[in-house]
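Would you mind keeping the following structure in view while I ask a few things?
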Amino acid sequence: MRYYRFGNPEGRFIGNTEKYAAYENVISEHRHEIGAESYQNLPGEFTFAYGPATGGLIESVAFDLHTPGELIKHVGVDPYVKTRPLKIRGLAPQDALLMVERINGFHAASNALAFEMAVEDALDIDVPDRVWYSRLIMLELERIRSNLEVVKRVCEPAGFGVPQNQISYLRENVARIISRLAGHRYFFSASSIGGCQISKSGIETMISSVKREFGEIFNALLESKIFLNRLQNNGNINEGDLLGPAARAAGRNVDARLEEMHMPYADLGFKPFIFDEPDAFGRFYVRSQEILASTDMISEALEHSGNSSATDTAGASGEGAARVESPQGDLFYYVRITDGRIEDIQMSSPSLLNIEAFRKSMAGNIFTDYHFNWESFGIWISELAVVIQ
Amino acid sequence: MSSLWFLNGVRKGIKTERYPSTDPAAAPQWPSRLSGSNGGNCPVDAITPEGWIKEKCIFCRRCVPDYQPTGDQDIFTVKKTEDTFLKSFHLFPLDSGACGSCNMEFLSIFAPQYDANRLGIFMVNTPRHADAIIIMGVMTQGMKEALDRAYEAMPEPKLVIALGACAVTGGIIGNAPLDREKYHVEIAGCPPSPYTILSAINAARGGSNMRRDSGSGNREAD
Ligand code: SF4
Ligand code: SF4
């Protein structure tokens, strides 16, 4: 393992895998306890159960909201109702990749790349520079689409039909850009162990128009006082372990892209956008800024990017780990490969800590704040509700 | 402020395509109908001596060049239609164990490019108001009861639509949530594109997918 080692907890906590706790550069064999507090309703309070299959929820997830009526005193989240068992152990890495891409299809590029990088680390596979540029483009395009979806969803409960539709339109255009670049609207089968296959033609012009159009919508939203009022001071959280846009909105300079060794973020002068409003507004603002910043990075990276075919991993053995900044925060993969087969695979999804942050941030808010706040975290249940076999 | 947004919206003009009465403006190649012969190495056994099985295919491109995508988005099967829903068709989506992409492609049919609402197709928040249930993802233990309850809560007549390889056959992930004979409509794809979803839903309520401008014919129920 070139970047990770087993040892005592040290540095920023990233999340738990099935067996381990992942930190910035250390894997600990002791999982980090995340307090699963229960709540007893006080006299006059009741539990409002919401989900798992209800309109307004994009994925199946169950909430218990404890409330005396309007104020939410405590939130319980069960993200495991739709848990999928995935048979990955025993597969060759390229076959495992088909499953890994489908752990969270909306963030398939992040999952695929983190897994590929862990395998490449395990098997000492060198990847050409041009491919690292292509991979950066994939990650940033995925971030643009994911952040657009979050911004769209926070417009929804405000009843802001026009910006909501304008952002849906842009999100669909980005899906079409992804399809053109990667051959698939969700990046499935676009990258491989040691390689990547993208097509760049026409992408630059399309990306500049995304930047221009989103910039206009963002500026108009910032002038909509009613919209901003719904977000400001909603879901304040600046305690405990925070990742991704939630951490950066709370003023923390944390981003896996800062520690990236291969993808040329440093060469492109990448600096995370840090804000000082740890609420739904801050998360909306950081994500919007990241959309604009990602379009710039893609435009610069395009000229250096290129392809290369997959590396054969038959018969190889080793142990490796990698972490990427998915649109939701740090995403970590560990693999142990024996004789060309995945013997062990461990994954930690940013949803774990983001759900915890959402839960804590919700206490003391009222029902009407709930949707804005949940959507502002951009949580994906699919990547948490998996059991890898 | 709201009038500003109104003007802002009007200024952008109409963004909606005329599909399904015209050809799709931006049909993806993956997924679309595959054409070819022979070939092996399919991770989900979608290539058989009898030919390509669209409902099993996860569109992973491993069979290229033996098989090639045609761009044809009509990769669905309608076994039963309900023309009572021709004027308005209310859909309740249920995620029994999806990866998120089927969920997003289903939502995309309401994006301005497709605007399913213009065809009288709406999403509802409860199965009690639904004409059809859209099932996405594989079977998971935790969602069994929710699926049964949603199905029971729907008034008659009702349609059951399986969206995506996982829901129809289990895809590469696991097992399908229901036996295939329970599905009235099966939509292939991993995930299916919004074009395919829109055509399939339109065909389920007896709507025409005739391409008036291109004359490619009505091929919804293959
Ligand atoms: S695209 Fe993949 S899943 Fe589909 S037939 Fe070809 S090899 Fe099989
Ligand atoms: S069919 Fe494919 S895209 Fe749809 S839920 Fe299953 S794995 Fe995801």
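Here is the naming used below: chain letters follow the sequence lines, and residue numbers restart at 1 for every chain.
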Choice from B:Gly97, B:Pro31, B:Gly100, B:Ser96 maximising heavy atom contacts with chain A below 4.5 Å: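 Highest number of pairs under 4.5 Å: B:Gly97.
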Would you find a donor on one side and an acceptor on the other, under 3.5 Å apart, between the side chain of A:Gln232 and the backbone of A:Arg230?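 Here the side-chain-to-backbone pair does not exist.
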With a 4.5 angstrom heavy-atom cut-off, is it the side chain or the backbone of A:Gln197 that approaches chain B, or both, or neither?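 When you check distances to chain B, no heavy atom of A:Gln197 falls under 4.5 Å.
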Looking just at side-chain N and O atoms, do A:Asn104 and A:Asn111 make a donor-acceptor pair shorter than 3.5 Å?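 The answer is no; no qualifying pair exists.
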Option in A:Thr83, A:Leu98, A:Leu86 with maximal non-hydrogen atom pairs under 4.5 Å from chain B: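 Among A:Thr83, A:Leu98, A:Leu86, the one with the most close pairs to chain B is A:Leu98.
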Under 6.0 Å between ring centres: does that hold for A:Phe284 and A:Phe227?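 Yes, close enough.
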Between A:Arg102 and chain B, with a heavy-atom cut-off of 4.5 Å, which part of the residue counts as in contact: side chain, backbone, both or neither?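 Its backbone and side chain both get close to chain B.
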When you compare the side chains of A:Gln328 and A:Ser146, does any donor N or O come within less than 3.5 Å of an acceptor on the partner?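 No, no side-chain donor-acceptor pair sits under 3.5 Å.
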What part of A:Gln164 lies closer than 4.5 angstrom to a heavy atom of chain B: side chain, backbone, both or neither?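 For A:Gln164, there is no contact with chain B at all, as no heavy atom is under 4.5 Å.
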Check: B:Ile75 and B:Ser32 side chains under 4.5 Å, non-hydrogen atoms: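 With C-beta onward as the side chain, the pair stays apart.
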Partner chain B: residue of A:Gly161, A:Ala53, A:Pro163 with the largest heavy-atom pair count (under 4.5 Å):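 Highest number of heavy-atom pairs under 4.5 Å: A:Pro163.
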Does A:Ser351 reach the side chain of A:Pro79, with side-chain heavy atoms less than 4.5 Å apart?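 When only atoms from C-beta onward are counted, A:Pro79 and A:Ser351 do not touch, as no gap falls below 4.5 Å.
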Are any side-chain N or O atoms of B:Thr70 and backbone N or O atoms of B:Ser35, one a donor and one an acceptor, separated by less than 3.5 Å?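 Absent.
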As a quick check of understanding, evaluate side chain to side chain contact (heavy atoms under 4.5 Å, CB included) for A:Ile345 and A:Val100, giving each step before the final call. CA-CA 10 Å; A:Ile345 168 167; A:Val100 167; 4.2 Å; yes
Please look at A:Asp78 and chain B and tell me whether the side chain, the backbone, both or neither of the residue comes under 4.5 angstrom of a heavy atom of that chain.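 Neither the backbone nor the side chain of A:Asp78 comes within 4.5 Å of chain B.
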Max heavy-atom pair count under 4.5 Å with chain A, selected residue of B:Arg149, B:Gln141, B:Met104: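 Heavy-atom pair counts peak at B:Met104.
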Do B:Tyr183 and B:Glu55 pass the side-chain hydrogen bond (donor to acceptor under 3.5 Å, both in side chains) test, and can you show the C-alpha distance, the side-chain angles, and the key distance before you say yes or no? CA-CA 13 Å; B:Tyr183 296 135; B:Glu55 296 83 3; over 6 Å; no
Mind ranking A:Trp380, A:Phe188, A:Tyr186, A:Phe106 by heavy-atom pairs under 4.5 Å with chain B and telling me who comes out on top?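 Most pairs with chain B among the choices: A:Tyr186.
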Can you tell which part of A:Glu216 gets under 4.5 Å to a heavy atom of chain B, answering side chain, backbone, both or neither?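 Contact with chain B: side chain only.
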What part of A:Arg171 gets closer than 4.5 Å to chain B, counting heavy atoms only: side chain, backbone, both or neither?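 For A:Arg171, side-chain heavy atoms alone lie under 4.5 Å from chain B.
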Please flag which part of A:Leu91 lies under 4.5 Å from any non-hydrogen atom of chain B: side chain, backbone, both or neither.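 Contact with chain B is absent: no heavy atom of A:Leu91 under 4.5 Å.
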Identify which of B:Arg61, B:Gln29, B:Met143 forms the greatest number of heavy-atom pairs closer than 4.5 Å to chain A.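 Option with the top pair count is B:Arg61.
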Taking the six-membered ring for Trp, are B:Tyr195 and B:Tyr114 closer than 6.0 Å centroid to centroid?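 Yes - the distance between ring centres of B:Tyr195 and B:Tyr114 falls below the 6.0 Å cut-off.
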Quick check for you: among A:Arg185, A:Glu149, A:Met99, which has the greatest number of heavy-atom pairs under 4.5 Å with chain B?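 The candidate making the most pairs under 4.5 Å is A:Arg185.
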Which of A:Ala385, A:Ser189, A:Ala190, A:Pro52 touches chain B most, by non-hydrogen pairs under 4.5 Å: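 Option with the top pair count is A:Ser189.
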